[in-house]
Amino acid sequence: MSQTLTSTPKQDGFSMPPEWAQHKQTWMIWPERTDSWRLGAKPAQAAFVAVIKAIAGFEPVSVGVSAAQYANAYAQLSQANTKFNGKGEVRGVDWTFNAWGGLNGGLYFPWDRDDQVASKILGIEQLPRYRTEGFVLEGGAIHVDGEGTLLTTAECLLNANRNPHLSREQIEAMLREHLAIEKVLWLEDGIFNDETDGHVDNM
């Protein structure tokens, strides 16, 4: 179990880097759900294996796999030579996760185990953890440029199935404290009829 901090990342001098920043390793989740992936997820697994092997040529890759898929994933993923890059202390923000909407449009009920994933990864990596109990956010709902600006959609972050008890200004304040950003750019909508309620990463 990782250490849970009572401060915020901004107070401690931490910020969220952009996706293109140098980093130590990559984490991926093994595809298996047949209601999400066609043909028993086999084409998706083949694609993931190719991507994992390509990344592993440059940095370590950790793969989250269910117990039911462990033998299959292990058989498909061979050990690759890896090297590390990037330096610096890392901490993690464990946002509350309700599977893209909870009981109001969420997917894949129940999601209590999904909400444990960030904490488990931080425990495995032995990294300090910030927990935003009651504040729902998914990584795909935001993008940062590493220079103080965050991009998101009102369709997602202001949706009644995420944080209906908070105003736009209160949500911005949470993002500033936990990602150390200065400015939030709000797009009104994401892609039409998107099951994640307008994740900006889909655009």
Side-chain angles (χ1 to χ4, degrees), residues 1-29 55 58-62 64 84-102 114-190 196-203:
M1 183 65 93
S2 61
Q3 174 194 5
T4 301
L5 305 168
T6 57
S7 54
T8 69
K10 183 178 179 181
Q11 291 170 351
D12 295 338
F14 286 81
S15 63
M16 180 179 178
E19 291 194 21
W20 55 85
Q22 203 173 46
H23 58 265
K24 174 182 165 183
Q25 66 174 333
T26 294
W27 271 86
M28 295 180 71
I29 302 294
I55 295 172
F58 301 92
E59 65 187 55
V61 181
S62 297
F84 286 87
N85 61 32
K87 295 180 180 178
E89 186 181 352
V90 176
R91 295 181 180 180
V93 179
D94 179 5
W95 310 99
T96 299
F97 180 71
N98 72 354
W100 307 282
D114 298 87
D115 191 41
Q116 298 172 10
V117 170
S119 177
K120 288 181 177 180
I121 289 175
L122 292 170
I124 289 168
E125 298 294 337
Q126 298 182 330
L127 298 174
R129 163 185 177 256
Y130 300 95
R131 172 65 173 175
T132 63
E133 196 64 51
F135 183 82
V136 175
L137 187 74
E138 310 95 43
I142 57 172
H143 267 303
V144 299
D145 65 357
E147 299 178 10
T149 301
L150 178 143
L151 181 66
T152 190
T153 70
E155 178 186 0
C156 183
L157 262 60
L158 299 183
N159 196 304
N161 63 14
R162 296 308 202 282
N163 298 293
H165 56 294
L166 299 177
S167 67
R168 181 189 296 239
E169 291 73 25
Q170 289 172 316
I171 289 171
E172 287 189 6
M174 283 291 292
L175 297 174
R176 286 191 183 95
E177 280 300 315
H178 288 84
L179 302 173
I181 52 97
E182 299 166 11
K183 179 169 56 176
V184 179
L185 299 180
W186 292 89
L187 303 175
E188 282 305 309
D189 298 301
T196 66
D197 301 312
H199 268 196
V200 75
D201 70 347
N202 287 332
M203 300 193 293

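Just so it is clear, the structure is predicted and the values come from calculations on it, not from any experiment.
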Could you go through the side-chain hydrogen bond (donor to acceptor under 3.5 Å, both in side chains) check for Asn98 and Asn161 one step at a time? CA-CA 9 Å; Asn98 72 354; Asn161 63 14; 5.8 Å; no

If you apply the rule side chain to side chain contact (heavy atoms under 4.5 Å, CB included), what do you find for Leu5 with Gln3, and how did you get there? CA-CA 6 Å; Leu5 305 168; Gln3 174 194 5; 3.4 Å; yes

Could you walk me through whether Tyr130 and Ser7 satisfy the side chain to side chain contact (heavy atoms under 4.5 Å, CB included) test, starting with their C-alpha distance in whole Å, then the side-chain angles of each, then the deciding distance to 0.1 Å, before giving a yes or no? CA-CA 8 Å; Tyr130 300 95; Ser7 54; 3.7 Å; yes

Under 3.5 Å donor-acceptor pairs involving side-chain atoms of residues 14-21, not counting sequence neighbours:
| residue | atom | partner | partner atom | Å |
| --- | --- | --- | --- | --- |
| Glu19 | OE2 | His143 | ND1 | 3.3 |

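Counting only distance, with no hydrogens or angles, the side chain of Gln126 and the backbone of Gly123 share no donor-acceptor pair below 3.5 Å. Of the possible donor and acceptor atoms, none in the side chain of Arg91 sits under 3.5 Å from a partner among the backbone N and O of Pro128. Within the 3.5 Å criterion, the main-chain N or O of Gly148 finds a donor-acceptor partner in the side chain of Asp145. Here the side chain of Gln170 pairs a donor or acceptor atom with the backbone of Ser167 at under 3.5 angstrom.
Side-chain contact annotation: Asp94 with Ser119, donor-acceptor N/O pair under 3.5 Å absent. With hydrogens and angles left out, the side-chain atoms of Thr26 and Glu59 include a donor and acceptor closer than 3.5 Å. For Ser62 and Gln25, the side-chain atoms include at least one donor-acceptor pair closer than 3.5 Å.
Salt-bridge check for Arg131 with Asp115: passed, with a basic side-chain N closer than 4.0 Å to an acidic carboxylate O. Ion pairing of Arg168 with Glu172 is absent here, as no side-chain N (NZ or NE/NH1/NH2) approaches a carboxylate O to less than 4.0 Å.
A tilted orientation is assigned to the rings of Phe135 and Trp95, their planes being inclined by 30° to 60°.
Atoms CD and OG1, from Glu177 and Thr132 in turn, are 12.5 Å apart once rounded to the nearest 0.5 Å. For the atom pair OG1 (Thr196) and CD (Glu155), the distance works out to 7.5 Å, reported to the nearest 0.5 Å.
For the side chain to side chain contact (heavy atoms under 4.5 Å, CB included) with Thr153, the lone residue among Leu187, Leu185, Leu158 that qualifies is Leu187.
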